[in-house]
Structure formats: structure tokens, C-alpha cells
Amino acid sequence: MTNTAPALNDSADIRRTQICAAIRAIPRGEVRAYGEVASAAGLPGRARLVAKVLTQSTAHDLPWHRVLRADGRIAFPANSEHFEMQRRRLLAEGVSVVNGRIAARAARDLDAMLWHP
DNA sequence: CGAGTGACCCTAT
DNA sequence: AATAGGGCCACTC
């Protein structure tokens with residue numbers, strides 16, 4: 001059958017859709033790492049792809065600010081406009097940001113904090 | 001087609 | 001904690 005509508009069955013498009021869905025699934029007040037989002041989207045090991053999608057996406061309903069690096073730090077260079085915007089959005093959701101970094105979230109970080117305070 | 005790049009991640013030192 | 005090196009992959013030149 002010929003579709004009159006634009007065909008968006010490209011694998012790249014599928015991936016982008018899956019990634020956006022995974023990001024939208026992050027609950028308010030919580031954060032996820034790029035790699036975690038990638039895995040949730042069924043694309044383990046493709047954290048960089050998540051970053052790429054976020055760069056290109058302009059969707060306003062996409063909670064991009066809930067996506068951080070694996071170590072809990074904001075991915076943007078400190079003091080950049082993007083950095084400040086993300087920090088502000090996180091604080092508005094009750095997520096504390098200290099030194100460009102949020103409170104411990106990953107088990108690995110918690111472990112490091114407990115054993116090497 | 002090869003080299004460089006990036007809102008990343010992991011391990012080792 | 002900070003650095004370095006390798007991996008990953010889409011995109012550009």
C-alpha cells in the first residue's frame with residue numbers, strides 16, 4: 001500500500017522516537033544518566049546518541065533537564081547558559097544542585113560517598 | 001573512504 | 001579527586 005503520509009519508518013527515526021519516549025518517562029523530580037536513557041530506549045551503549053537527539057530536538061514537552069552524566073554532573077560546561085537553565089529547572093523540581101552536581105543518585109556514587117567521604 | 005567531533009561511559013592509574 | 005586511554009556511534013568535511 002502506498003502511504004500518502006510521509007514515511008517515518010527510518011531506523012534512525014525509530015531510535016529517536018524511542019529515546020524521546022524514554023526521556024518523557026522520567027518522573028518529575030528524578031534524574032537519569034544518558035546511558036540509562038539509552039538502555040531504557042532499548043539502545044544500550046548509545047549514550048552519545050541520546051545526547052545527539054537532545055541537541056537536535058526542539059520539543060517543549062521533553063524534560064531534557066532530567067538527563068545528566070553518569071557521575072551526576074550536568075553535561076554542559078559550567079556557567080554556560082544551557083548549564084544555568086538546566087540547574088534552574090532542576091531546582092524548580094526539588095533536585096538540589098551543588099557544584100554543578102546533584103545529590104548522590106547512582107549506587108556507584110553512593111558507594112563512593114560512603115567509603116570515601 | 002579516512003579523520004575529526006561530541007549535552008557520553010567505563011576502567012585504570 | 002583528577003587524568004588518560006579506549007569504546008561507542010552518527011554526522012560532517
Side-chain angles (χ1 to χ4, degrees):
Chain A
M1 73 188 258
T2 57
N3 21 355
T4 49
L8 299 174
N9 293 359
D10 244 38
S11 56
D13 244 326
I14 300 291
R15 288 194 284 260
R16 190 178 55 187
T17 301
Q18 291 283 74
I19 289 172
C20 286
I23 293 174
R24 276 186 255 262
I26 305 174
R28 192 173 188 281
E30 289 188 25
V31 295
R32 288 294 181 81
Y34 290 88
E36 289 174 325
V37 171
S39 291
L43 301 165
R46 307 201 209 257
R48 310 195 79 150
L49 182 56
V50 173
K52 187 79 65 182
V53 168
L54 278 172
T55 298
Q56 316 228 306
S57 177
T58 58
H60 278 79
D61 60 321
L62 205 59
W64 57 268
H65 56 283
R66 298 182 189 143
V67 186
L68 310 175
R69 297 201 315 208
D71 61 359
R73 285 166 76 48
I74 290 175
F76 295 114
N79 297 331
S80 69
E81 258 177 77
H82 283 310
F83 179 97
E84 293 300 337
M85 160 109 70
Q86 184 163 10
R87 182 176 61 81
R88 211 151 45 82
R89 281 170 167 254
L90 286 172
L91 289 175
E93 292 189 352
V95 179
S96 46
V97 180
V98 181
N99 289 334
R101 175 190 210 171
I102 68 167
R105 42 166 286 293
R108 182 177 60 254
D109 294 336
L110 258 183
D111 189 64
M113 184 174 291
L114 291 173
W115 285 94
H116 306 286

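Numbered from 1 within each chain, the chains take letters A, B, ... in sequence-line order. We use all heavy atoms of the structure for the numbers below, so side chains are in, but hydrogens, waters and symmetry mates are not.
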(request) Using side chain to side chain donor-acceptor pair (under 3.5 Å) as the criterion, list what pairs up with A:Arg15, not counting sequence neighbours. (result)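 A:Arg15: no side chain to side chain donor-acceptor pair (under 3.5 Å) contacts found.
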(request) Just jot down the side chain to side chain donor-acceptor pair (under 3.5 Å) partners of A:Arg89, sequence neighbours excluded, or say none. (result) A:His65
Please report the distance, rounded to the nearest Å, between [atom1] in [X] and [atom2] in [N].
X       : N     : atom1 : atom2 : answer
A:Arg69 : C:dA2 : CZ    : C1'   : 13 Å
A:Arg16 : B:dA7 : CZ    : P     : 18 Å
A:Asp71 : C:dT3 : CG    : P     : 13 Å
A:Arg73 : B:dC9 : CZ    : P     : 13 Å

(message) Any non-hydrogen side-chain atom of A:Val67 less than 4.5 Å from a side-chain atom of A:Val31?
(response)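 No, side chains not in contact.
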(request) Scan residues 55-65 of chain A against DNA chain B and write down, sorted by residue number, each residue with any heavy atom closer than 4.0 Å; if none is found, say none. (result)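 Residues of residues 55-65 of chain A under 4.0 Å from DNA chain B: A:Thr55, A:Trp64.
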Nucleotides 6-10 of chain C: which of its N/O atoms have a protein N/O under 3.5 Å away?
from	atom 1	to	atom 2	distance (Å)
C:dC8	N3	A:Arg48	NH1	3.4
C:dC9	OP1	A:Arg46	NH1	3.0
C:dC9	O5'	A:Arg46	NH1	3.4

(message) Tell me every residue that passes salt bridge (charged side-chain N to carboxylate O under 4.0 Å, His left out) with A:Glu30, counting only those two or more places apart in sequence or in another chain.
(response)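 Once residues adjacent in sequence are excluded, A:Glu30 has no partner under the salt bridge (charged side-chain N to carboxylate O under 4.0 Å, His left out) criterion.
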(request) Among residues two or more places apart or on two chains, list those pairs meeting side chain to side chain donor-acceptor pair (under 3.5 Å) that have a residue in residues 73-84 of chain A. (result)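 Residue pairs passing side chain to side chain donor-acceptor pair (under 3.5 Å), neighbours aside: A:Glu84-A:Arg87.
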(request) Can you tell me which residue pairs pass the side chain to side chain donor-acceptor pair (under 3.5 Å) test with a partner in residues 45-64 of chain A, sequence neighbours excluded? (result)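 Sorted pair list: A:Arg24-A:Asp61.
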(request) Please name all residues satisfying side-chain contact (heavy atoms from CB on, under 4.5 Å) with A:Ala75, sequence neighbours left out, ordered by chain then number. (result) A:Tyr34, A:Arg69
(message) Using a 3.5 Å distance criterion without hydrogens, assess whether the side chain of A:Arg66 forms a donor-acceptor pair with backbone atoms of A:Ile26.
(response) yes
(request) Could you give the distance separating C:dG6 and B:dA7 at their P atoms, to the nearest angstrom? (result) 22 Å
